[in-house]
Amino acid sequence: METVRERILQNIKTTIEGVTVANGYNFDFTPETVQRWSMHGNRMVDMPTVVISPGDEDESSSPHPFEECLMSVFLDVFYVTDEDDLVSTDTYLNRLQGDIKKAILADATRGGEAVDTDILGTTPFETTEAQPYAGIIIELRVRYRHLRNDPTAKI
């Protein structure tokens, strides 16, 4: 049985995979373009691409038999435009941000695994001359609970 934390991260991946033009969004994501962080590197062939990376997590005990956790999650969103594209890169990044926010906030409970999900902010990638891609980092905060002695059991 996976931990509540792992099930939440899996839900975020599945949620972003549902961002498709057919579902009313501006972009098409797939299981290949929405990736979990890998120490061996992530495949950046098809764009746009999202790499999901968990960040810090704070835990607090309560008099009840559960731990409450606040987990940061970073969504690194990569995008490439053609040099002769008349639409600004910034416009594409704004559309990507909007699509991902809309999808993530459609179910703040992450399929019933979390108490809530908040978007804390968005930061553009630092760019250098002739960089082949642009992107944004969207920071999420997910609040969830699990039994104190069993991180696979949600409360």
Side-chain angles (χ1 to χ4, degrees), residues 1-59 66-82 85-127 131-146 151-155:
M1 179 81 143
E2 296 291 353
T3 63
V4 176
R5 175 186 168 105
E6 176 60 21
R7 294 193 306 262
I8 288 168
L9 291 166
Q10 288 172 355
N11 173 275
I12 291 170
K13 182 179 186 324
T14 302
T15 296
I16 298 172
E17 289 170 2
V19 173
T20 64
V21 172
N23 288 338
Y25 295 94
N26 293 296
F27 299 92
D28 282 312
F29 286 98
T30 67
E32 292 76 32
T33 61
V34 181
Q35 304 170 30
R36 299 280 299 278
W37 175 81
S38 172
M39 65 184 269
H40 304 291
N42 290 87
R43 187 173 181 270
M44 301 293 181
V45 175
D46 300 316
M47 297 285 174
T49 296
V50 177
V51 177
I52 302 164
S53 304
D56 293 339
E57 181 170 294
D58 295 323
E59 293 188 33
F66 63 83
E67 296 284 315
E68 182 161 292
C69 304
L70 286 172
M71 173 176 52
S72 294
V73 179
F74 297 95
L75 307 175
D76 296 342
V77 185
F78 295 82
Y79 192 73
V80 174
T81 60
D82 292 326
D85 194 331
L86 298 177
V87 178
S88 71
T89 303
D90 188 47
T91 297
Y92 286 118
L93 295 177
N94 290 334
R95 290 174 184 165
L96 280 163
Q97 180 198 41
D99 281 357
I100 291 171
K101 279 182 164 183
K102 180 179 173 183
I104 290 294
L105 295 177
D107 178 11
T109 69
R110 311 276 44 95
E113 297 291 341
V115 175
D116 61 25
T117 303
D118 294 314
I119 295 176
L120 297 184
T122 303
T123 305
F125 288 4
E126 288 187 32
T127 56
Q131 181 172 302
Y133 60 86
I136 55 176
I137 302 167
I138 300 173
E139 183 179 1
L140 310 178
R141 182 183 62 205
V142 181
R143 184 164 52 107
Y144 70 96
R145 296 178 181 142
H146 62 77
T152 65
K154 69 177 180 170
I155 297 293

Legend entry - pair L9-V73: side-chain heavy atoms closer than 4.5 Å: yes
Inset, instruction - Carefully, step by step, assess R36 and N42 under the rule side-chain contact (heavy atoms from CB on, under 4.5 Å). - result: CA-CA 8 Å; R36 299 280 299 278; N42 290 87; over 6 Å; no
Inset, instruction - Begin with the C-alpha distance, continue with both residues' side-chain angles, and end with the deciding distance and a verdict on side-chain contact (heavy atoms from CB on, under 4.5 Å) for R141 and M71. - result: CA-CA 6 Å; R141 182 183 62 205; M71 173 176 52; over 6 Å; no
Legend entry - Residues V77, I100; criterion side-chain contact (heavy atoms from CB on, under 4.5 Å); working and verdict: CA-CA 9 Å; V77 185; I100 291 171; 3.5 Å; yes
Inset, instruction - Would you give the length of the straight line joining atom OH of Y92 to atom CE of M47, rounded to the nearest 0.5 angstrom? - result: 15.0 Å
Legend entry - Partner of Y144 under side chain to side chain contact (heavy atoms under 4.5 Å, CB included), chosen from T117, V4, L70: V4
Legend entry - Between CD on residue E6 and CE on residue M1, distance to nearest 0.5 Å: 12.5 Å
Inset, instruction - Give, for atom CG of L140 and atom CD1 of I52, the distance between the pair rounded to the nearest 0.5 Å. - result: 9.0 Å
Inset, instruction - Find the distance between CG (D118) and CD (E139) and round it off to the nearest 0.5 Å. - result: 11.0 Å
Inset, instruction - Specify the closest pair of heavy atoms between E2 and R7, including all atoms of both residues, with the distance to one decimal. - result: O-NH1, 2.6 Å
Legend entry - Spatial distance of atom OG (S38) from atom NE2 (H40) [nearest 0.5 Å]: 5.0 Å
Inset, instruction - Report the C-alpha separation of H146 and E59 in whole Å, then their side-chain angles, then the decisive distance to 0.1 Å, and conclude whether the side-chain contact (heavy atoms from CB on, under 4.5 Å) test is met. - result: CA-CA 10 Å; H146 62 77; E59 293 188 33; 4.3 Å; yes
Legend entry - Min side-chain heavy-atom separation R5-P54 under 4.5 Å: yes
Inset, instruction - Quick one: closest heavy-atom pair of A134 and F125, and the distance? - result: C-CD2, 3.9 Å
Inset, instruction - Flag the pair V115 / T109 as yes when at least one side-chain heavy-atom distance between them is below 4.5 Å, and no otherwise. - result: no
Legend entry - Over all atoms of both residues, closest heavy-atom pair of G18 and N23: O-ND2, 2.7 Å
Legend entry - pair M44-F78: side-chain heavy atoms closer than 4.5 Å: yes
Inset, instruction - Please check if the side chain of D76 supplies one atom and the backbone of I137 the other of a donor-acceptor pair under 3.5 Å. - result: no
Legend entry - salt bridge (Lys or Arg N to Asp or Glu O under 4.0 Å) evaluation trace for R145 with E67: CA-CA 6 Å; R145 296 178 181 142; E67 296 284 315; over 6 Å; no
Inset, instruction - State whether the side chain of N94 and the backbone N or O of D90 hold a donor-acceptor pair below 3.5 Å, judged by distance alone. - result: yes
Identify every side-chain donor-acceptor pair in residues 25-32 under 3.5 Å, counting partners at least two apart or on other chains, and give the distances.
unit_1	atom_1	unit_2	atom_2	d
N26	ND2	D99	OD1	3.2
D28	OD1	V21	N	2.7
T30	OG1	E32	N	3.2
T30	OG1	E32	OE1	3.3
T30	OG1	T33	N	3.2
T30	OG1	T33	OG1	3.3

Legend entry - Flag side-chain contact, heavy atom, 4.5 Å: L75 against I16: yes
Legend entry - Interatomic distance, I138 atom CD1 to L120 atom CG [nearest 0.5 angstrom]: 11.5 Å
Inset, instruction - Ignoring hydrogens and angles, tell me if any N or O in the side chain of T91 forms a donor-acceptor pair with the backbone of V87 under 3.5 Å. - result: no
Inset, instruction - Output yes when a side-chain donor or acceptor of K154 lies under 3.5 Å from a complementary backbone atom of A114, and no otherwise. - result: no
Inset, instruction - Would you name the heavy atoms of T49 and R43 that are closest together and state the gap between them? - result: CG2-O, 4.2 Å
